[in-house]
Amino acid sequence: MGTILHSPTFSLQGKQAFCTILYTALVIMEYKPSEFEAKWKRYWEENQVYQVSNQSDRPKFYVLDMFPYPSGAGLHVGHPLGYIASDIFARYKRLQGFNVLHPMGYDAFGLPAEQYAIQTGVHPAKSTAENIDRYRGQMDNLGFSFDWNREVRTCDPQYYRWTQWIFLQLFGHYYDNQANTARPISALEAHFAKQGTTGLAAACSEDLSFSAAEWQAKTAKERSDILMNYRLAYRKETYVNWCEELGTVLANDEVKDGVSERGGYPVERRPMLQWSLRITAYADRMLRDLDELEFSEAMKKMQSNWIGRSEGAQLFFSIAGSDAQIEIFTTRPDTIFGATYMVLAPEHDLVPLLTTPEQKAAVDAYLTYVKTRSERDRMSDVKEVTGAFLGTYAINPFTESPIPVWIGEYVLKDYGTGAIMAVPSDDDRDFAFATKFGLEIIDVVDKTNYPGSTRHDKEGLMINSGFLDGMEVPAAIELMLQEIEKRGLGKRKVNFKIRDAIYSRQRYWGEPFPIIYDPEGVAHPMPLAELPLELPELENFQPASGGVSPLARAADWVELPNGWRRETDTMPGFAGSSWYFLRYMDPHNTEAFASKAALEYWREVDLYVGGTEHAVGHLMYSRFWHKFLFDLGYVPTKEPYRKLINQGMIQGVIENIYLQKERLTDGRNRFVCATLVATEEAKGIEFTKIPVFVDYVTDYGLPGSYLGLDGIAKFTAWRPEYADAVFETAQGAISAGKFNGTGTPRLVTQSEVGKMSKSKYNVINPDDVVSQYGADCFRMYEMFLGPIEQAKPWDTKGIDGVNKFLRRFWGLFTNNQGELSLSEATPTRDEFKVLHQTIKGIAEDIERFSFNTCVSKFMIATNELQKLSCNKRDILREMVILLAPFAPFTSEELWHQLGESGSVHQARFPELNEDYLKESIIQYPISINGKVRTTVDLPADASNDALQAAALALEPIQRWIDGKEVVKVIVVPQRMINIVVKG
RNA sequence: GCCCGGGUGGUGGAAUAGGUAGACACGCAGGACUUAAAAUCCUGUGGCCAGCAACGGCCGUGCGGGUUCGAUUCCCGCUCCGGGCACCA
């Protein structure tokens, strides 16, 4: 330890000059991060500085980043924002003596790699591996403290073996609503064999009812179908966006206005037999357990809205002249006397049965129309109501009047029961529908006592409602629920908005299902010992005909010798990411996804950092899987993530230039300066904006950004199709590189803020910033930009400030010849004060994830130490440790310059001594009626009376209170004094 | 439409428990060093008013109210921006 020199035995009393031993090395120390970054990267790697053991007597702490999808565009400056924050936190926790698990990996299955393969023929495994290498290099450049021995890749068979394993567990279990836990399917079979469905409380797709004898009499195929109704991973018909032209299924966001975004081909809703996960079984627990999580309130709200729990009644309406019944769910059973018609989802099973011959033509026409409507369209067009009458009547169970049955796209097949009783007087959509189609409207709630109350609010007095008349709505709801159960018309029910997760994808680049089908089509799990089921090699990644996965092409793989067939769909993106944090705990285990011991030691993620865009997708699915694994006893905690921090998106600047839509008469294209567009448009000329590479733009992101002659040359080199285009600027026109005007031409660009993306040509690579300023400067600058959760566009305007700070900090260690120069003298009280203020500030700010203020506290400390000309080893050594989480390279270099051994990242966080922070004098602001009029220095331990007296005696205060009455004086010790005057 | 954020100097932002609004930076202006530039250092910098100057005054955290001795902070209403959800029965 380098502290011996100032230990009491060595410190000389008396003259400072004598005890100051100047320690001057002859090395010239200039701050050049590029000269030591590589050295320390190697050192950390060789000494396994960041390797974490599962055996430790230190307390554990688990800091996790949402792992990235390795895209072809590489990491951009937005990605590291969260990684830097989590790295700072992880390093801080290590300095505090925690055994910190801080791993990184790749969410490596996904559509872009497959799309790329279709276009270029490059195997997704190859392009993915290359992208991963690039990401790794970029991350290494930033000095993260990941334990790379624990890296996971979801596309690695040794990883997805366990994804498949978990899927088979889901397949092999059902949810017991009474015991509130998952139980093996064998237990369900035993229950059926013994007592049929009697006494069963299981989560299911459809309520079934049969006796033990009936169960015994069923064939294997029938039994398998029944069990599917209960499995947590099950197969059923679900609707997909099918695009015939592209021969593939599209995601909701790939469909715009009913046509494919790519190519604009028609898209139709088509039913398909697909795997789903019964996440709804866990809805209630996922909602309840949100309470104990340290997520932002907004995040919790988003999740609970997504789960969307509502209490109400399940009700059956009978049909005039039919045995069929329509099952509905309503949260407003009180309004049933106002139910004047019913609406089914167009896809509802009863539609064919309930359509009368007279109405068939109209209904068919409507169904054809609905098919072309994406789910998104159906949900977003609020103004226009559409529907068709089936010709049949249902009976309102309370009024006993016949009410017409309609279909309408505003009723969704997958929500509730896919059917509603319509109460036009109490629901806006029903009202619009009834008005349009001339259906009866009966007022049932009198809201005259509730001014400002809308149709939706559950308040008012019941009218026209038989036995409910005169009751307040809440009481009426309760009485009606009792009445419904008494009359056997239905029962109380809790409904969830959340739907089961569709788990099939007709794609190549995903986990294959470890499922085989016998000749009857019954799904069987593969033996666990045979996992992983690896993806077969393929040459052609195009979807196979008929909406079947590309895997169907691999006949050898699909067809088994015994005549059975493999499932050819693959799993979705969220499969691998739903449990990856568990694999990091024990990544090389071949016997289990992680050992019991590892799971018991690391338990859960203490801090999870990632973007809000995963609020409902990834976070919901992984919470669901975790709870399932908890039920099975595989994990020790019921929630995976203790605390969640959402980093804001770093947006990019998109620079566009205006291209005239119509070519000139000579066939050339014409671009026009943004300043000229308005006048041109006034002439009726139309333009499209096309994005250009931001690198070509001078002053990009600033008002008046433009392409100069040079920029235009780069642009035409990049896009040769515009080589002969005319570029018109306010100064004159440029064509073929020649400028015919006077002055300097500026083709002013149009700038907007948006996502950083390859297609907008605005991706900023952190490598470029690092090579210019160094990794530490980049890290601290990203933190300095503002609060971590805030979204902001990337700009480097302030980066010089951080760079300057690092050089100044470095400068504390050197004399003006640039030589290392340290003093072994005992620091002064002022110097200690600066140090301890910093220790306190940094620790507090890190704990509250306020990294931007940390940076400014470092700046303040450095400025003050510079003013004090402090080069005392005892101060600087501790400052280096404080800085280490933020600037790992610079602090490691300085640590070794200090002559310390080992890594600064294995040092201990300095201890705070509050004594140095005590102030003897406090500067008090003195205000009159809340307005500060002057300040005065007063002893910190002065009594309130003394403070008051001192304040009143001040000359400026005397002037203010002269001739007025002092009503009272408020003294807040250590803070301020306020004098209240009147007159 | 509903829910959740947010609006502070020319710019990014700070103010942690209702107590000196604008910390720390960027930018800008002036100065020192230099043959010069870069780098570095120093000074000033919310707006308006007054003044030779010192000392000042008024306004000011999206807008309008309120609570309070005192409000960027709490409450009510509005507005704009961002995000999420959405014929959710």
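Worth knowing before you read on, the calculation uses all heavy atoms, side chains too, and leaves out hydrogens, waters and symmetry mates.
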Engineer: If you draw a 6.0 Å radius around NZ in A:K491, do more than 12 non-hydrogen atoms from other residues or ligands fall strictly inside?
Structural biologist: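 No, NZ of A:K491 has 12 or fewer neighbouring heavy atoms, counting only those of other groups under 6.0 Å.
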Engineer: Polar atoms only, N or O, under 3.5 Å: list the protein pairs with nucleotides 9-11 of chain B and their distances.
Structural biologist:
from: B:U11; atom 1: O2'; to: A:K797; atom 2: NZ; distance (Å): 3.3

Engineer: Applying salt bridge (charged side-chain N to carboxylate O under 4.0 Å, His left out), which residue pairs with at least one partner in residues 841-850 of chain A are found, sequence neighbours left out?
Structural biologist: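 The answer is A:K840-A:E844, A:D845-A:R848, A:D845-A:K857.
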Engineer: Indicate, with a heavy-atom threshold strictly under 4.0 Å, whether A:F784 touches base, sugar-phosphate, or nothing.
Structural biologist: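 Touches a base.
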Engineer: Within the sub-3.5 Å range, which N or O atoms of nucleotides 56-60 of chain B have a protein N or O partner, and how far apart are they?
Structural biologist:
from: B:C58; atom 1: OP2; to: A:R933; atom 2: NH1; distance (Å): 2.9
from: B:C59; atom 1: OP2; to: A:K931; atom 2: NZ; distance (Å): 2.9

Engineer: How would you summarise protein contacts on nucleotides 41-50 of chain B per nucleotide, using B for base, S for sugar-phosphate only and - for none, with heavy-atom distances below 4.0 Å?
Structural biologist: SS--------
Engineer: Any chance the side chains of A:D500 and A:T280 put a donor and an acceptor closer than 3.5 Å?
Structural biologist: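 Note: A:D500 and A:T280 side chains meet the donor-acceptor criterion.
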Engineer: Among residues at least two apart in sequence or on other chains, which ones pass salt bridge (Lys or Arg N to Asp or Glu O under 4.0 Å) with A:R492?
Structural biologist: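 Once residues adjacent in sequence are excluded, the partners of A:R492 under the salt bridge (Lys or Arg N to Asp or Glu O under 4.0 Å) criterion are A:E478, A:E485.
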Engineer: Using the C1' atom in both, what is the distance from B:C48 to B:U43, to the nearest Å?
Structural biologist: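 One C1' to the other, the span is 24 Å.
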Engineer: I'd like the P distance from B:G47 over to B:G22, given in whole Å.
Structural biologist: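 Nearest-Å result for B:G22 against B:G47 at atom P: 14 Å.
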Engineer: Who are the salt bridge (Lys or Arg N to Asp or Glu O under 4.0 Å) partners of A:E35, not counting sequence neighbours?
Structural biologist: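 For A:E35, the residues satisfying salt bridge (Lys or Arg N to Asp or Glu O under 4.0 Å) (neighbours in sequence not counted) are A:K32.
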Engineer: Given a 3.5 Å cut-off on both pairing distances, which stems involving RNA chain B, each at least three consecutive Watson-Crick or G-U pairs, are present, if any?
Structural biologist: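 Stem segments, range with range: B:1-7 with B:79-85, B:10-12 with B:24-26, B:27-32 with B:40-45, B:46-49 with B:56-59, B:62-66 with B:74-78.
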Engineer: Report the residues that fulfil ring-ring contact (aromatic ring centres under 6.0 Å, His included) with A:F316, sequence neighbours left out, ordered by chain and then residue number.
Structural biologist: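 Scan of A:F316 (ring-ring contact (aromatic ring centres under 6.0 Å, His included), adjacent residues dropped) gives none.
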Engineer: If I pick the C1' atom on B:U8 and the same atom on B:A21, what distance separates them, to the nearest angstrom?
Structural biologist: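 Taking atom C1' in both B:A21 and B:U8, they lie 8 Å apart.
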Engineer: Can you sort out the partners of A:S205 under side chain to side chain donor-acceptor pair (under 3.5 Å), two or more places apart, ordered by chain and number?
Structural biologist: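 Residues passing side chain to side chain donor-acceptor pair (under 3.5 Å) with A:S205: A:R278.
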Engineer: Quick test: give all pairs of protein nitrogen or oxygen and nucleotides 14-17 of chain B nitrogen or oxygen below 3.5 Å, distance rounded to 0.1 Å.
Structural biologist:
from: B:A14; atom 1: OP1; to: A:N852; atom 2: ND2; distance (Å): 2.9
from: B:A15; atom 1: OP1; to: A:R848; atom 2: NH2; distance (Å): 3.3
from: B:U16; atom 1: O4; to: A:K857; atom 2: NZ; distance (Å): 3.0

Engineer: A:Y366: which residues meet the side chain to side chain donor-acceptor pair (under 3.5 Å) condition with it, sequence neighbours left out?
Structural biologist: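 Checked A:Y366 against side chain to side chain donor-acceptor pair (under 3.5 Å); matches are A:T386.
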Engineer: What residues form a side chain to side chain donor-acceptor pair (under 3.5 Å) with A:K493, not counting sequence neighbours?
Structural biologist: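 Here no residue qualifies.
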